[in-house]
Amino acid sequence: MNKLLKSIAVFTVICVLLSCTVSAFTDVGNDAWYAENVNSMTSSGLLNGYEDGSFRPESTITYAEFISVTARCVQGTIQPSGTHWASGYMKHAYENGWYDYDEIYEADFDKPITRQMAVKIVDMAFKIPENEHDNNVYYQYMQSIKDFDKIPGRYGYLVVRAYNNGILTGDENGNFNPFSSLTRAEACAIIMRAKGEGSVPAQTAPTVTAAPTQPAAISGGVSQNGKLSVSGTRLVNQNGEPIILRGMSSHGIQWYGNFTSYNAIKNTADRGANLFRVAMYTAENGYISGKETVKQQAYAAVDNAVANDMYVILDWHILSDGDPLQYLNEAVEFFAEASAKYANTPNVIFEICNEPNGNVTWSGNVKPYAEVVIPIIRQNSDAVVLVGSPTWSQDIDKAADDPLGFSNVMYTCHFYAGTHGSWLRDRIDYALSKGAPIFVSEWGTSAADGNGGVFADETSKWLDFLSSRGISWANWSLCDKNESSAALSPGTSPDAVWNDGDLSESGKIVFSRFD
Ligand code: IDC
């Protein structure tokens, strides 16, 4: 009997001792991986448990809940400014650029937040340091996150940044699951880690091959040819020898950013391309509305081309915004930063206005625009600059008649084989005869709307003509969209090695003409 009482007493003492360290919630075990994060979140009043003493760690968390907790961490309590209880927090988040207008609608406030949005919110709110632009880092995560190719382009680099800062790890299969929901326990952990206070589970380093620190030299690439310049009407390499660049343009990176990955670009290099063009739309949900996100995507794409030893065009893709002067200030800001960032990267070529169109003229709009933007670039870099012309970069004759006074400038001529024929080739000859260097920074095998065709015979006439004149080109576009100008069949994975079956009718023609 004595023995039994003794054991009970010992047992009670142990229980009391244990209860000091046990979680405040009935359903959060002390040894749960999230216990520490949940306890610190709840003890600082950032997130509450339920009246019944539970925390419900496995329940999903909504947009409103996740964003209000995050906002409370960085900003404190914010009163509602509308009918929804979290409207004040949501407004704060929106106004501070934590999400864009097309990412969360009011009707979604009480729906489970997706993992990709949670990553974006904490990234913006806690200003997570950038370090994914080290090619090696980006490449590693691209390889180790199994479903990386499912992550929409606008979130890819944010996810890399979150992993790289220990904010997140994948599921047991190595997937990120961009569209899945988040549990309350996971939310606590993510927010606490982003805040710099969370416990981080032990991670095993990803077992992947690192991106080559020295890019593999490709034929006709930067390691062979170095810095480019313009001599007469020709593009020349570091030794002054004529060089021709051929490759693919991306589609709009805000839509098909996944085809600007290291592997996607490598797939074109392996087929002989030495050029990649990064089409950064200004309008149409591009740079103007999504500045930071779209810019980082563009830089990541440039870096992936550089890691492949390619020359790369950074394209300010005006289209529905036909007058380049419309976003002159934004262009100045962008090119000032980009030219400084890539001042010592011989790969980079700047294209300052894709296709002026509408009620614009060379002398009244495009030339004055170029005369502001080019000197901004020249403060940092004497890289080759490509300049468009009115009528979707077909008025090269106007530019040739009234050229810009800067060196290392070329004029772009854009054609679509189903729409533009010999008259435009004649115009190229006219421009060349006047001493204007021409670069075909965008062309398609289709009609001008990106569809129709493929116009194989016209394409072949055009490409023979360009070769005979030594003119460089980039083809529209490297993506799997269901339109005839797209080089890949719908459903092609950006990162798998492409076989001929993955190439569309257009892609088969274009990929056979890189060299
Ligand atoms: C097209 C794309 C198409 C997209 C459209 C609008 O192929 O999927 O819906 O833009 O954004 C250009 C432009 C280029 C166009 C292309 C085909 O530079 O952005 O892409 N084109 O219409 N100039 C002439 C043709």
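First listed ligand is number 1; within each ligand, the first listed atom is number 1.
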(message) I'd like to know if the side chain of Asp309 pairs up with that of Ser223 as donor and acceptor (distance under 3.5 Å, no hydrogens or angles considered).
(response) yes

(message) Less than 3.5 Å apart, any donor N or O on the side chain of Asp303 or Tyr342 sitting next to an acceptor on the other?
(response)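 A pair is found: one side chain offers a donor N or O, the other an acceptor, under 3.5 Å apart.
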
Considering only distance and modelled atom types, tabulate donor-acceptor pairs under 3.5 Å from the side chains of residues 323-333, sequence neighbours left out.
unit_1, atom_1, unit_2, atom_2, d
Asp323, OD1, Leu325, N, 2.9
Asp323, OD1, Asn365, ND2, 3.4
Asp323, OD2, Asn365, ND2, 3.1

(message) Atom CH2 of residue position Trp392 - does it have more than 12 heavy atoms of other residues, nucleotides or ligands inside 6.0 Å?
(response)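 Incorrect, the count does not exceed 12.
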
(message) Aromatic contact between Trp476 and Tyr416, with the criterion being ring centroids under 6.0 Å apart: yes or no?
(response)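 No, the ring centres sit 6.0 Å or more apart.
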
(message) Which label fits His251 and Tyr281: parallel for a plane angle under 30°, tilted from 30 to 60°, or perpendicular past 60°?
(response)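 Rings of His251 and Tyr281: parallel, as their planes differ by under 30°.
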
(message) Strictly under 4.0 angstrom, heavy-atom based: which residues surround ligand 1?
(response) His251, Trp255, Tyr281, Glu284, His317, Leu319, Asn354, Glu355, Tyr416, Glu442, Ala448, Asp449, Gly450, Trp476, Lys481, Glu483

